[in-house]
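Here is the structure we will look at, set down as structure tokens.
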4 protein chains.
Amino acid sequence: MSKGTDFLNKDREKFKIAVDIFSSKGYHSTTMDEVAQAMGVAKGTIYYHFKNKDELYLCTTQLGISILEIMAREAIGQHTDSREKIVALIESYLLFMHDYAGIAYIFLRELFGDHNRRDFFREATKSYQKLIQNVLEEGQRAGAFAGDLNAEICASSIFGMIFTVAIHYLQVYGELSMDVVKDNICKLIFHGLLEV
Amino acid sequence: MSKGTDFLNKDREKFKIAVDIFSSKGYHSTTMDEVAQAMGVAKGTIYYHFKNKDELYLCTTQLGISILEIMAREAIGQHTDSREKIVALIESYLLFMHDYAGIAYIFLRELFGDHNRRDFFREATKSYQKLIQNVLEEGQRAGAFAGDLNAEICASSIFGMIFTVAIHYLQVYGELSMDVVKDNICKLIFHGLLEV
Amino acid sequence: MSKGTDFLNKDREKFKIAVDIFSSKGYHSTTMDEVAQAMGVAKGTIYYHFKNKDELYLCTTQLGISILEIMAREAIGQHTDSREKIVALIESYLLFMHDYAGIAYIFLRELFGDHNRRDFFREATKSYQKLIQNVLEEGQRAGAFAGDLNAEICASSIFGMIFTVAIHYLQVYGELSMDVVKDNICKLIFHGLLEV
Amino acid sequence: MSKGTDFLNKDREKFKIAVDIFSSKGYHSTTMDEVAQAMGVAKGTIYYHFKNKDELYLCTTQLGISILEIMAREAIGQHTDSREKIVALIESYLLFMHDYAGIAYIFLRELFGDHNRRDFFREATKSYQKLIQNVLEEGQRAGAFAGDLNAEICASSIFGMIFTVAIHYLQVYGELSMDVVKDNICKLIFHGLLEV
DNA sequence: GATGAATGAGCATTCATTCAT
DNA sequence: CATGAATGAATGCTCATTCAT
């Protein structure tokens with residue numbers, strides 16, 4: 001944990017400010033002056049705690065993403081049934097989108113972003129998708145999920161679908177009605193589109 | 001159609017160059033010098049055809065996105081059965097990702113991007129999701145798809161899942177094996193995860 | 001007479017357009033594109049007639065200033081009395097300001113302008129002031145004007161006062177009421193401020 | 001008082017440098033690089049204190065013009081007699097031209113300049129002319145000056161004449177012999193041209 | 001620890017000028 | 001004679017970073 005992460009951890013208000021600015025303006029359009037002013041400190045102070053802008057951004061994002069990781073692991077941990085685990089994961093992702101939409105935006109943006117930081121976010125994504133994938137494979141071995149499905153592809157699908165729907169909702173309706181979204185995603189994931 | 005779109009339309013090579021650079025380096029990290037040099041023209045030439053960097057970027061992206069729209073509409077047009085339409089849409093999206101991955105990156109990046117250009121991309125996204133949504137609702141009326149599903153949420157889900165999986169594949173395996181991905185997504189979408 | 005002067009002389013409409021643009025926007029803020037568009041010709045056409053922007057500007061201004069010279073010489077020529085000559089000169093200057101305010105602005109601006117073109121305008125000014133000075137000296141020799149006055153200083157004074165008042169009027173009242181201005185300037189010049 | 005005015009006020013050397021460059025090369029032909037180099041600071045330093053080139057120019061000119069205002073008000077304040085006030089005003093203007101010729105050039109140039117900044121300079125000019133006008137009206141009420149003269153026109157005349165003569169002298173002789181100029185202008189203003 | 005004035009490399013943009021048609 | 005697409009040198013401005021206090 002770097003000096004900077006420490007700084008943001010101790011002062012969660014400043015963390016939120018950093019997330020707000022970076023998520024609403026993007027990395028490049030956010031200036032260090034703006035961050036400093038929004039945080040109510042001098043620019044030099046930020047450079048005292050962070051080596052450079054990139055470190056500030058990365059620390060901010062890392063801290064935010066670690067929250068998602070904790071939420072997801074906790075969600076899974078509370079269940080033994082694969083299906084219930086999937087539901088819990090969906091719930092936790094949606095909750096994260098609801099509570100930390102700024103971070104989510106940054107995360108997705110960087111996931112599709114340019115070379116510079118993509119690797120870091122790819123790793124994070126892989127680990128989240130792996131979380132889903134593990135539950136899927138576990139479920140397949142237990143005979144709960146169809147064995148002929150490629151768990152990797154399904155995990156990636158579920159990951160992408162949740163975030164896309166959540167952001168669609170946030171953008172179109174301004175708010176995320178979690179129950180409706182959760183129910184529909186669960187139905188789609190578990191039973192598919194076809195009428196039986 | 002602006003002067004700039006004209007320029008890119010007539011010289012598809014330059015269009016591809018613009019897409020390549022913007023998708024690999026991102027908007028901000030791409031300099032007009034680089035674009036000019038890569039296109040083999042003077043910087044002034046670009047400014048003769050485009051008002052500024054933003055217009056160059058937007059024209060490039062718009063042209064790219066219009067390709068997706070054409071592909072998607074053609075795909076749907078060749079089928080009457082709702083289920084086959086969905087399959088065709090998935091195929092066309094994957095084909096687009098395969099042939100125009102750069103555009104797809106830009107598209108997704110901006111979809112989650114900062115306020116400046118988000119609106120433009122949101123509209124484009126909405127129109128694609130609407131395409132899916134219409135097919136879904138048509139299928140529901142025909143009794144092919146489960147009537148209790150929210151078509152809007154499902155459309156957004158399908159949209160997000162396809163792109164996410166495709167990019168995951170491109171990032172992890174460097175190439176998109178379309179058949180495998182298509183088959184799995186179809187299975188998941190049509191029948192769901194559960195073993196029957 | 002250069003090719004350019006010819007061009008402007010033959011097409012007085014284009015001359016007026018050039019004066020309008022240069023006087024309202026200044027030399028540097030006027031682009032060749034603007035001039036070409038306002039004249040209704042292609043940029044290349046202008047470069048066909050003028051070597052460069054500077055020549056266009058100089059030809060335009062020279063032509064304008066020559067008008068003032070003709071007006072002033074005609075005014076003087078119609079009188080033999082020194083005092084009447086002065087009145088006629090004032091009238092002609094005011095008339096010029098009234099009819100060719102654009103030229104007058106350019107003239108004065110350049111008179112106080114930077115090094116580049118100052119010399120040319122200085123010469124023109126000197127010649128106008130000399131015109132006044134000659135009349136003054138003539139009048140002094142004839143005993144009409146006070147002999148202890150420095151004719152050079154007085155000529156310069158009169159020149160400056162006329163233009164300044166005229167522009168003051170144009171700027172403050174939007175229009176030049178020539179009679180009022182002329183009367184007052186004559187009174188001031190001939191009798192001075194003091195109550196007798 | 002803006003940050004920039006502060007900067008120039010504290011470091012009068014830099015103020016003089018700015019005046020020198022702007023007056024000798026004009027606004028457009030002066031580059032920020034030149035100003036920075038002449039001042040011995042980095043370009044960024046200038047942009048730290050001034051929002052842009054225009055603000056630098058305006059602050060510089062404003063500061064210069066305020067000097068003229070102070071000089072003029074001091075000159076008037078030391079006298080009670082209207083005629084003596086006029087003489088003092090003339091003296092102060094000539095002194096200003098002598099000490100701050102650069103500012104005077106900028107001032108006059110802008111007074112006849114293009115639309116952009118003209119308004120600002122017009123206001124300044126009006127206030128100076130008003131200064132003269134007030135003294136003239138005061139003198140008229142006291143019976144010292146001819147009552148049938150339009151004070152506004154006379155004030156503008158006097159203003160223009162002083163500056164024009166002073167600049168004429170500077171340009172022709174390279175130096176301003178103040179006594180000669182002052183005496184002649186006073187004679188002309190007070191008694192007029194006519195031999196009595 | 002904290003500050004904010006100073007820096008300068010980097011970049012978008014402008015525009016006079018050219019020249020092939 | 002006339003055109004207008006192409007050029008590239010020139011320049012205003014930004015902003016991450018440093019460092020003396």
Side-chain angles (χ1 to χ4, degrees), chain A residues 3 6-7 10 25 27-37 39-57, chain B residues 3-4 6-7 10-11 27-37 39-57, chain C residues 3 7 27-37 39-57, chain D residues 3-4 6-7 10-11 14 27-37 39-57:
Chain A
K3 218 166 129 194
D6 227 36
F7 177 74
K10 275 185 190 152
K25 311 196 65 171
Y27 177 80
H28 281 102
S29 299
T30 299
T31 68
M32 293 300 267
D33 278 274
E34 281 172 321
V35 176
Q37 193 174 23
M39 285 187 178
V41 297
K43 217 187 333 183
T45 308
I46 294 184
Y47 277 92
Y48 182 80
H49 292 285
F50 301 91
K51 212 178 70 199
N52 51 32
K53 187 182 180 183
D54 228 76
E55 194 179 288
L56 165 65
Y57 183 67
Chain B
K3 215 167 139 196
D6 234 35
F7 178 75
K10 274 184 191 153
D11 194 338
Y27 178 81
H28 282 101
S29 300
T30 299
T31 69
M32 294 301 267
D33 279 275
E34 280 172 325
V35 176
Q37 194 171 26
M39 284 187 177
V41 297
K43 214 178 347 177
T45 306
I46 296 184
Y47 279 94
Y48 182 75
H49 293 284
F50 303 90
K51 219 179 64 201
N52 50 33
K53 187 181 179 181
D54 225 76
E55 193 178 291
L56 165 64
Y57 182 69
Chain C
K3 218 166 128 195
F7 177 75
Y27 176 81
H28 281 102
S29 299
T30 299
T31 68
M32 294 300 268
D33 278 274
E34 281 173 321
V35 176
Q37 192 174 25
M39 285 187 177
V41 298
K43 218 185 334 181
T45 308
I46 295 184
Y47 278 92
Y48 182 80
H49 292 286
F50 302 91
K51 212 180 67 199
N52 50 33
K53 186 182 180 183
D54 228 75
E55 194 180 287
L56 165 65
Y57 183 69
Chain D
K3 214 167 138 198
D6 233 35
F7 177 74
K10 274 186 191 152
D11 194 338
K14 294 196 180 9
Y27 178 80
H28 282 101
S29 299
T30 299
T31 70
M32 293 302 267
D33 279 277
E34 280 173 324
V35 177
Q37 193 170 27
M39 284 188 178
V41 297
K43 212 183 342 178
T45 306
I46 295 183
Y47 279 95
Y48 183 76
H49 292 283
F50 303 90
K51 217 178 65 200
N52 50 33
K53 187 181 178 182
D54 226 76
E55 193 179 290
L56 165 65
Y57 183 67

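No hydrogens, no waters, no symmetry mates; every other heavy atom, side chains included, goes into these values. Labels below follow one simple rule: chain letters A, B, ... track the order of the sequence lines, proteins then strands, and each chain is numbered from 1.
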Heavy-atom pair with the smallest gap, counting every atom of B/Ala42 and B/Ala36: C-CB, 4.0 Å
At under 4.0 Å between heavy atoms, how does the protein contact nucleotides 11-21 of chain F? Give one character per nucleotide, 5' to 3', with B, S or -. SSBBSSBB---
B/Ala42 has its side chain closest, among E/dG4, F/dT7, E/dA6, to F/dT7
Side chains of D/Met39 and D/Thr45 in contact at under 4.5 Å (non-hydrogen atoms): no
Value rounded to 0.5 Å, distance of NE2 in B/His49 from CG in B/Leu56: 11.5 Å
Of all heavy-atom pairs between C/Met32 and C/Ile46, which one has the smallest distance, and what is that distance? CE-CG2, 3.7 Å
Grab the CD-P distance between A/Gln37 and E/dG4 for me, whole Å please. 11 Å
With B/Gln37 via side chain to side chain contact (heavy atoms under 4.5 Å, CB included) - residues at least two apart: none
Heavy-atom side-chain contact between C/Tyr48 and C/Phe7 under 4.5 Å: no
Can you tell me which stems DNA chain F forms, taking runs of 3 or more consecutive Watson-Crick or G-U pairs with both distances under 3.5 Å? E:2-21 with F:2-21
With sequence neighbours left out, the residues meeting ring-ring contact (aromatic ring centres under 6.0 Å, His included) with D/Tyr47 are none
Quick one: which residue pairs count as a salt bridge (Lys or Arg N to Asp or Glu O under 4.0 Å) with a foot in residues 39-56 of chain B, not counting sequence neighbours? B/Asp33-B/Lys43, B/Asp54-B/Arg117
Could you check how far CD1 of C/Ile46 sits from C1' of F/dG4, rounded to whole Å? 12 Å
Whole angstroms only, please: what is the CG-P distance between B/Leu56 and E/dC11? 16 Å
How many whole angstroms separate atom CE of C/Met39 from atom P of F/dG4? 16 Å
